[in-house]
S.K.: 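Please find one structure pasted underneath; my questions will follow.
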Amino acid sequence: METANIAKLAVAAAPYAIDKPYDYLIPEGMEVSVGVRVSVPFGRGNRRSEGVVLAVGEGEKLPGLKQILSVLDRESVLDRQDIDLALWMRQRYFCTLYDALKTILPAGLWYQFREVCRLAPGIDRTAACADAQEAPACAEVMRLLFAKGGSVELSELKSACGEECVNALKTLAGKGLIFCESRAQRKIGDKTRRMVELALSAEEAMEIAESRRRAAPVRYEAIRLLCTVGRICASELCYFTGASSQTLRALEKAGVVRFFQEETLRVPEIKQSGEAAPIVLNEEQEAAYCGLLSLMESGRAEAALLHGVTGSGKTQVYIRLVQEALRRGKNAIVLVPEIILTPQMMDKFSSCFGVEVAMLHSGLRLSERYDQWKRIRRQEVRVVLGTRSAIFAPLRNLGLIVMDEEQESSYQSENPPRYHTRDVAKFRCAQDGALLLLGSATPSVESAHWAREGVYHPFFLRRRYNEKSLPRVMLADLKDEVRSGNSGVISSLLRREIEQNLQRREQSILFLNRRGNSRMLLCGECGFVPECPRCSTALTYHSANGRLMCHYCGHSEKANEACPMCGGIMKRVGVGTQKVEEELRTLFPGIQLLRMDADTASGEHEALLSRFEREKIPILLGTQMVAKGLDFENVTLVGVLAADLSLYVDNYHAAERTFSLLTQVVGRAGRGEKSGRAVIQTYTPGNEVIVSAAEQDYDRFFESEIRMRRIRRYPPFADLFTCTISGTDETAVLRAAVRLREELRLEAQKEPFCRSDPEVLGPAPAPVVKVDNRYRYRILWVGKNDKDTRALLSYTLKKFASDRQNRGISIFVDCNALE
DNA sequence: AGCACGCCGACT
DNA sequence: GTCGGCGTGCTC
């Protein structure tokens, strides 16, 4: 047997159905190590694909083996632990190994090689080729450029034509036939920068990007990058994806992205460690801390739940534990739902840990984030404080992972692989024997359940740190209001309370429990509502450009004043914050009012909030974003306008989310010297969730909710696997869905599943059944997320994808999806 | 998924 | 006789 050096690779071009480690020959003299990215030929056509080296070793030299073309990294970007994590993610989230690895690495890394060559505009193909004919390398480059639609990445060009193409590029650029875009250098010292962010949800944006992936690859990359990083400086987005400013403008026009100006964030001044005052814990905190410390010292990868009411000082406990971890030579990761909302946390950590802490927050530029990643990888930092993706920070020798407000749904990724940070954290803790500390004022029902079952170690902080009493909560019954002739959004009770606050010159926050605000057009005569031609949804009216737009596929059309059906006059409808604002202005004429919602540019938020505090503006009206982290001395009244809105959402944790949200909002009142009040408006004042939130009684909420979950077979008693099947032919999709259901039902009756008696439900249409002309139906498997079930679903997915009957139909699986 | 190979019908 | 339709099968 002849042997050779062989590398096992995760290959980008291999879809889920055929994903496995592929063997490639390492050419003589090539340095290849585990964790580097390489370029390889793949498939019949030997198209170039990227791969990640999983293992290197001697192996049998089989005839079919192909060679690695080139190595893309100077040193490895992933180590053994990363690869183990990716292997685990693959079987847990039904993604390819390559997709998992890509999720682990920072976005900046995947784009750092981007250097794009483009054809100069208005170049005629035949003339240009004739012009380039003299040098074969030039002709080859031109041919490739035309074949790829006018622009090619430099790395791709190099692997196709060899290193010598660099000279050809120079010649061609000299002739003005092409140009190469290099680093778009940002001038140092810019005061503000032009930022881009998604104007739609990540899911909606990805749908749009996917639908035109082939036709507009640059757009696709730009949107995908935006989905991973949230917001980014415009020049950086262009640099990393090869998009032009025209591309961005087109995306803006299509309503996919929006621009805003942002002050350049200075690197937060790092105070020297040692200066910070030592942390003093009260009795309760001390008790929790001691218990947690001994768990951490055990090195058994334990998990604990710290249930502490708002203002009980969980952060102090976190910091003491991190300090002790460091003293023992261990490192720590601290996760928060959205760090930009917790500047106090950032301040505390930088004063306690100085240069040893790396912060990964949404205000960082992509390149800054990448730099932080490099610092962490070089083990220059010992503490990482960040949001969801910080769980992948390449920090080794972990002693502790903290997840603050662990119930937040932002801990679940919104794009595939849709990992949950808590699960990844558990895996990493198991790798290093670290303690996982889940902290919350309103824990998820699952976590509270496991704490009661003894799977997590429970700890409690029941006293508010400053001994402040919780706000007094009043319920306003909106049904009564309607009966007594008040058709408005503000109940008489809330109105009285606001008036009282106005007299006392104290401030009020009003909260509309609704995401964004969908405004649509409706014909006053015949009731016609303009709908998207490609999706099963009403079009949204955008006052900025006077157009109707679809949030799912990006379709946009001019808004007519007259109804196209009957000629009647079109009216704007939808209870958004604007509508409430109008009502407030009539109720309280001449009173100053601030509005903050999805329409408010994100750069403005902080400015608005500081104005609210500084100028003591009497009323702040807002959506989700006013619920969290705001701490204002003079706010003594909080009003929840429609507590029920988030309750009747078709999702198993709607009740939990509502309870948590109400608790957070109520906690906004009376943070200063004066005591606070809260008014919760509801149509169902008898509802357990509303009542327990009004009483600030978590245990009561938990008891009723866990009973419900048990009866309905919801988590933690079962896991919900959602198989989404989509395609352009609705009947074909439905047929495929029914076939899948029958197949899964058959399996459910067999060993080993029959013992746990899984249920297979559906097909049911997805919340929005048609998106961009693709119909989406779901099959639900209610069972246990164990090895056998995952293996079955993985097998079923692969079989489905390779079944000829299912051509043109795609499928994916999610487990316990929160949103 | 994406690409080549192969086996049939409409042309120069 | 050949160009191109898409059904079939494989990817180290």
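Below, chains carry the letters A, B, ... as their sequence lines are ordered, and counting in each starts from 1. Note that the structure is a prediction, hence the values are computed from the model and not measured.
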S.K.: Parallel, tilted or perpendicular, judged at 30° and 60°: which one describes the rings of A/F392 and A/Y419?
M.R.: perpendicular
S.K.: Could you tell me the separation between the OH atom of A/Y16 and the C1' atom of C/dT11, rounded to a whole number of Å?
M.R.: 18 Å
S.K.: Give A/L65 one of three labels, base, sugar-phosphate or nothing, depending on what nucleic acid heavy atoms sit under 4.0 Å from its own.
M.R.: sugar-phosphate
S.K.: Any protein N or O atoms within reach of nucleotides 4-7 of chain B? Criterion: under 3.5 Å, listing atom names and distances.
M.R.:
none

S.K.: Which nucleotide wins on minimum distance to the side chain of A/A801, given the candidates C/dG9, C/dG7, B/dA1?
M.R.: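 For the A/A801 side chain, the nearest candidate turns out to be B/dA1.
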S.K.: Please give, in whole Å, the distance from C/dC6 C1' to A/R807 CZ?
M.R.: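 After rounding, the reported distance stands at 9 Å.
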S.K.: Go through the steps for A/D84 and A/R80 under the test salt bridge (charged side-chain N to carboxylate O under 4.0 Å, His left out), then give the verdict.
M.R.: CA-CA 6 Å; A/D84 288 343; A/R80 193 63 244 168; 3.2 Å; yes
S.K.: Would you kindly give the CD-to-C1' distance between A/Q67 and C/dT11, to the nearest whole Å?
M.R.: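 For the pair A/Q67 CD and C/dT11 C1', the rounded distance is 18 Å.
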S.K.: Tell me whether the centres of the aromatic rings in A/Y16 and A/F812 are closer together than 6.0 Å.
M.R.: no
S.K.: Nearest whole Å is fine: how far is C/dG7 C1' from A/Q805 CD?
M.R.: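 Taking atom C1' of C/dG7 as the reference, CD of A/Q805 is at 15 Å.
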S.K.: From A/L65 CG over to A/L25 CG, what is the distance, rounded to the nearest 0.5 angstrom?
M.R.: 4.5 Å
S.K.: Please check this pair: side chain of A/R776 against backbone of A/V768, looking for a donor-acceptor N/O pair closer than 3.5 Å.
M.R.: yes
S.K.: Between A/D82 and A/R396, does at least one N-O distance fall below 4.0 Å, as a salt bridge requires?
M.R.: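 So A/D82 pairs with A/R396 through a salt bridge.
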S.K.: If you assign each of A/R804 and A/Y22 to its closest nucleotide in DNA chain C, which residue comes earlier from the 5' end?
M.R.: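 Final value for this comparison: A/R804.
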S.K.: Taking atom P of C/dT11 as reference, at what distance in whole Å does atom CG of A/D23 sit?
M.R.: 13 Å
S.K.: Regarding A/S726 and A/S810, do their side chains bring together a donor and an acceptor under 3.5 Å, going by distance alone?
M.R.: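 Judged by distance alone, the side chains do pair up.
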S.K.: In whole angstrom, give the distance that lies between atom NZ of A/K799 and atom C1' of C/dG9.
M.R.: 18 Å
S.K.: Nearest-Å distance, CD1 (A/I18) to P (B/dC3)?
M.R.: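 Rounding to the nearest Å, CD1 of A/I18 and P of B/dC3 are 12 Å apart.
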S.K.: Find the distance A/N806:CG to C/dT8:C1' and express it as a whole number of Å.
M.R.: 16 Å
